[in-house]
Trainee: 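Submitted below is the structure of interest, expressed as structure tokens.
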Amino acid sequence: MNRLTLTNFKGFIETTSLEFADLTVNVGMNSVGKSTVIQALLLVRQTCETIKKYSGTQQKEFHILLNGPYDLQLGTFDQITSDGSDKIFIGINDIKFAFCRDIDRFSLKISLNDIKDTLAENLFGHADFYYINAERLGPRNYQDILSRDQRMCGYHGEFTFDTIEQYRNQVIEEKRRRKDGDFTVSILSKQIEYWMDYIVPGIEFRTDEDADTRTAKLKIRQTTLDTDFNSPHNFGFGISYLLPVIVTGLLAEPGSMLIVENPEAHLHPGGQSRIGQFLAQIAFAGVKVVVETHSEHVLNGMRVYSLKNKIAPERICINYFSINDRIPGIERIPLNDRMDILKWPEGFFDQEEKDLAELRMLRRK
């Protein structure tokens, strides 16, 4: 997937396109359309999965839920389109999905007679897919164990402990590993610790499962403070929010897509930069990564990784979302080989500069 087009979907009434690359970073102020883009991707993903279920049948029309799958909460058809409109268009590359009003106001209807034959060639519809919501679980002592068809760590990180326990000895490919000096252990459990220690120094963990209660347990210790293994409640929100991002990134299948909302949540600026470096490494190891963020530190960490590893700038797509005269717009922010940002539109990570300028002015007064 390298292009998404929206027409008549939420704020994007006029046809609007944005590009994707190996690493795509969507930035901008609140309520300018960043989440809308992710919701569109989730709707199309649900559509592809629904069609796949009926492969080989005579099914002509499909009903796509606006609420529930992928934790979508879009309400009704009238809440996501303009007054009087009867269709929503979402395009993935050259394939256009035309969604109509359904009898049930909480779902959409789509007929794929014209594009069903080409859908099998659409990698977005058939590759593995992972989504981590901005609203992740905070500290928990226990999490549920579910069947193996669960969505890896879950949309909110609710199955992270079980995922770690099930895959703890899986060997992580070299391109995703964090090296620990001259000697590096390649299995998942150690790689999680290496990356966690890089982002939040001194963190170690252990997991365990109880088949009788179908729960998985996590305990954490902080070596920098010489603590014993203890409840996650004693270590704040940052670690709990970070863990499912690390685990999913390490385990995501090559060629898959990973969407992460606000990876910077509850992290110190240094940790924000380093989670940016982690996501860049995962993206350039063969997982298509899409990030929604409000943090310049995350973006700068990605630039640092890319410059260190001589990544071509076209492999990174920074989409800046803004609203002018009540019309949402998206523009790609260009980079050069030195990872310089070549264009700084109004509102693009310029708040620090504005605040410092205002401080200087106030001091002169």
Trainee: Could you give me the CA-CA distance, side-chain angles and deciding distance for Ser240 and Arg136, then say whether side-chain hydrogen bond (donor to acceptor under 3.5 Å, both in side chains) is met?
Mentor: CA-CA 8 Å; Ser240 297; Arg136 301 189 279 283; over 6 Å; no
Trainee: Any luck finding a side-chain donor-acceptor pair between Lys10 and Gln79 under 3.5 Å?
Mentor: no
Trainee: Quick check: are there more than 12 heavy atoms from other residues, nucleotides or ligands sitting under 6.0 Å from CZ of Arg168?
Mentor: yes
Trainee: Kindly determine whether Glu346 and Lys354 satisfy salt bridge (Lys or Arg N to Asp or Glu O under 4.0 Å), including the steps that lead there.
Mentor: CA-CA 11 Å; Glu346 177 73 19; Lys354 289 180 178 179; 2.7 Å; yes
Trainee: side-chain contact (heavy atoms from CB on, under 4.5 Å) with Gln170: which of Ile187, Leu250, Leu251?
Mentor: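 Between Gln170 and the candidates, side-chain contact (heavy atoms from CB on, under 4.5 Å) is satisfied uniquely by Leu251.
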Trainee: Applying the 4.5 Å side-chain criterion to the ILVMFWY set and letting contacts propagate, would Ile318 and Val304 be lumped into a single cluster?
Mentor: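 Unlinked, Ile318 and Val304 end up in two clusters.
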Trainee: Can you see whether Asp71 engages His156 through a side-chain donor-acceptor pair at a distance of less than 3.5 angstrom?
Mentor: yes
Trainee: Would Glu135 and Tyr155 count as having a side-chain donor-acceptor pair, cut-off 3.5 Å?
Mentor: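 No, Tyr155 and Glu135 have no side-chain donor paired with an acceptor closer than 3.5 Å.
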Trainee: Give a yes-or-no answer on whether the side chains of Asn133 and Tyr131 include a donor-acceptor pair shorter than 3.5 Å.
Mentor: yes
Trainee: Taking the six-membered ring of Tyr198, is NZ or CZ of Arg274 closer than 6.0 Å to its centre and within 45° of its axis?
Mentor: yes
Trainee: Can a donor-acceptor pair be found between the side chains of Ser17 and Arg3 at a distance below 3.5 Å?
Mentor: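 Their side chains do not contain a donor-acceptor pair, so the 3.5 Å distance test is not met.
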Trainee: Determine the minimum heavy-atom distance between Trp195 and Arg177, stating which atoms define it.
Mentor: NE1-C, 4.0 Å
Trainee: Counting distance only, does the side-chain N/O of Gln46 pair as donor-acceptor with the main-chain N or O of Leu66 below 3.5 Å?
Mentor: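 The answer is no, because no donor-acceptor pair under 3.5 Å joins these two groups.
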Trainee: State whether the number of non-hydrogen atoms from other residues, nucleotides or ligands found under 6.0 Å of Gln351 atom CD is greater than 12.
Mentor: yes
Trainee: For Glu352, is the CD atom crowded, meaning more than 12 foreign heavy atoms sit under 6.0 Å from it?
Mentor: no
Trainee: Any side-chain heavy-atom pair from Asn141 and Leu218 closer than 4.5 angstrom?
Mentor: no
Trainee: Is the ring centre of Tyr305 less than 6.0 Å from the ring centre of Phe278?
Mentor: no
Trainee: Using a 6.0 Å cut-off, check whether atom CG of Asn336 has over 12 heavy atoms from anything other than its own residue.
Mentor: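 Count over threshold, so yes.
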Trainee: If the threshold is 4.0 Å, N to carboxylate O, is there a salt bridge linking Lys343 and Glu331?
Mentor: yes
Trainee: I'd like to know if the side chain of Ser107 and the backbone of Asp104 have a donor-acceptor N/O pair within less than 3.5 Å.
Mentor: yes
Trainee: So do the side chains of Pro345 and Tyr320 get within less than 4.5 Å of each other, counting heavy atoms only?
Mentor: yes
Trainee: Can Arg332 and Glu19 be counted as an ion pair, charged N to O under 4.0 angstrom?
Mentor: yes
Trainee: Do the side chain of Asp197 and the main chain of Glu193 share a donor and acceptor less than 3.5 angstrom apart?
Mentor: no
Trainee: Would you call Asp102-Lys109 a salt bridge at under 4.0 Å N-O?
Mentor: no
Trainee: Examine the side chains of Asn8 and Thr81 and answer whether a donor and an acceptor come within less than 3.5 Å of each other.
Mentor: yes
Trainee: Would you verify whether the NZ or CZ of Lys219 falls within 45 degrees of the ring axis of Phe229 while also being under 6.0 Å from that six-membered ring's centre?
Mentor: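 So Lys219 doesn't make the cation-pi contact.
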Trainee: I'd like to know whether OH of Tyr142 has more than 12 heavy-atom contacts from other residues, nucleotides or ligands below 6.0 angstrom.
Mentor: no
Trainee: Please work out which of the three classes, parallel, tilted or perpendicular, describes the rings of His266 and Phe237, given edges at 30° and 60°.
Mentor: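 Plane angle between 30° and 60°, so tilted.
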Trainee: Does Ile103, at its CD1 atom, have more than 12 non-hydrogen atoms belonging to other residues, nucleotides or ligands within less than 6.0 Å?
Mentor: no
Trainee: Does Glu264 reach the main-chain N or O of His294 with its side chain, forming a donor-acceptor pair under 3.5 Å?
Mentor: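 Here the side-chain-to-backbone pair exists.
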Trainee: Considering non-hydrogen atoms only, spot the tightest contact between Phe97 and Ile95 and give its length.
Mentor: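 So the minimum-distance heavy-atom pair works out to CE1-CG2, 3.7 Å.
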Trainee: Hey, is the main chain of Phe12 close enough, under 3.5 Å, to the side chain of Thr16 for a donor-acceptor pair?
Mentor: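 Looks like no, no N/O pair under 3.5 Å.
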Trainee: Do you know the tightest heavy-atom contact between Gln143 and Gly157?
Mentor: NE2-O, 3.0 Å
Trainee: Locate the shortest heavy-atom distance separating Asn262 from Thr293; write the atom from each residue and the value.
Mentor: ND2-CA, 4.2 Å
Trainee: Can we say Lys53 and Glu49 salt-bridge, meaning some charged N sits less than 4.0 Å from an Asp/Glu carboxylate O?
Mentor: no
Trainee: With sequence neighbours left out, write down each residue that passes side chain to side chain contact (heavy atoms under 4.5 Å, CB included) with Ala285, or none if nothing qualifies.
Mentor: Glu173, Lys175, Arg176
Trainee: Are the charged groups of Arg101 and Asp78 less than 4.0 angstrom apart, N to O?
Mentor: yes
Trainee: Does either side chain, that of Gln272 or that of Ser295, offer a donor lying less than 3.5 Å from an acceptor on the other one?
Mentor: yes
Trainee: So, Thr215 versus Asp210: side-chain donor-acceptor pair below 3.5 Å or not?
Mentor: no
Trainee: Checking Asp162 side chain against Phe159 main chain: does a donor-acceptor pair fall under 3.5 Å?
Mentor: no
Trainee: Is a donor on one side and an acceptor on the other found under 3.5 Å between the side chain of Glu261 and the backbone of Ala134?
Mentor: yes
